[in-house]
Amino acid sequence: MDIEDLHSWPDSVEEAEALQERLRDRVREEPGPAVVRTVAGLDVAYGSHSDEAVAAAVVVLDAATLRVVESAVAVERPSFPYVPGLFAFRELPALLSALRKLRATPDLLVCDGHGRAHFRRFGLACHLGLLTGLPAVGVGKTFLVGEHVEPGRERGSFTDLVHEGEVVGRTLRTQTGVKPVYVSVGHRVDLDTATRHVLALSPSYRLPETTRQSDRLSRAALRERESDPASAPPPAAAPRGR
DNA sequence: GCGACAG
DNA sequence: ATCTTGTCGC
């Protein structure tokens, strides 16, 4: 496979799926990371109209205190239509723009979507992790693929998510009595570490603080932009590859 | 062939 | 994702 693949951009559903097939084996599932001092949450909000604008937000938290360290936003146009399994192509450019605005590189990325728990084992968390080279985990709010038994009712219990004979993630109960979230490896982490971090990031609510904070920020950025009379049309999406 | 399908 | 009020439960 060519190094060009990393930054090439698909013009069709077929190309996008083929690109995922080529990139999937570059994902590293490994122990750790051992030290995680800062964790970044990433989320995107969509304009009320149609496909006019998307606001991507990154919020970096101190992993120990869960206090906000810094944040950044980027408003662009959606870079791809929404197609189940190709979700990443829609949000990736805006998310990367937001990440580039951070002054310090976070130790771990927590994405709003699946990682390996994906049709082709290459969800948003894998793609984002691979492009940035950073450890990444995926946290999905709803089911995408795999079979699983219901985890115990108490906070912290989990079960494996199995797809085509492979453990691709876990269903994790982050709060007693709430609906589980779906955790999966994005890049350069192992499932146990990913699960541990997601649980630690969720002391009070079903969703991890990283997701809640980035969700808040992305919506605020979008609202502000839509209510601003002087707001020019969203700039074109991020630069594409060859 | 039919159903399912992150945000 | 987004459109949306009240309402059940702790």
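In what follows, every chain begins at residue 1, and chains take the letters A, B, ... in the order their sequences are listed.
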Paired and unpaired positions of DNA chain B as dot-bracket, Watson-Crick or G-U wobble under 3.5 Å, | denoting a partner strand: .......
Set of residues satisfying salt bridge (Lys or Arg N to Asp or Glu O under 4.0 Å) with respect to A/Arg155, sequence neighbours excluded: none
When you measure from every atom of DNA chain B, which of residues 202-215 of chain A have a heavy atom less than 4.0 Å away? none
Can you list every salt bridge (charged side-chain N to carboxylate O under 4.0 Å, His left out) pair that touches residues 167-188 of chain A, not counting sequence neighbours? A/Glu30-A/Arg188, A/Glu150-A/Arg173, A/Asp160-A/Arg170, A/Arg170-A/Asp192
Of all residues at least two apart in sequence or in a different chain, which pass the salt bridge (Lys or Arg N to Asp or Glu O under 4.0 Å) check with A/Asp215? A/Arg219
In dot-bracket, 5' to 3', how would DNA chain C read with Watson-Crick or G-U wobble pairs under 3.5 Å, [ ] for crossing ones and | for pairs to another strand? ..........
Connecting only ILVMFWY residues whose side-chain heavy atoms lie within less than 4.5 Å of each other, what is the rest of A/Val68's hydrophobic cluster? A/Val59, A/Leu61, A/Val73, A/Leu217
Contacts of A/His118 meeting ring-ring contact (aromatic ring centres under 6.0 Å, His included) (sequence neighbours excluded), chain-then-number -> none
Sugar-phosphate means primed atoms, P, OP1 and OP2; the rest is base. With that split, encode nucleotides 5-10 of chain C 5' to 3' as B, S or - using protein heavy atoms under 4.0 Å. ------
Run through the side-chain heavy atoms of Ile, Leu, Val, Met, Phe, Trp and Tyr, join any pair under 4.5 Å, and report what else lands in A/Leu144's cluster. A/Phe119, A/Val145
Quick one: salt bridge (Lys or Arg N to Asp or Glu O under 4.0 Å) partners of A/Glu154, sequence neighbours excluded? none
Where protein sits on nucleotides 1-7 of chain B, one letter per nucleotide: B base, S sugar-phosphate only, - none, heavy atoms under 4.0 Å: ----BBB
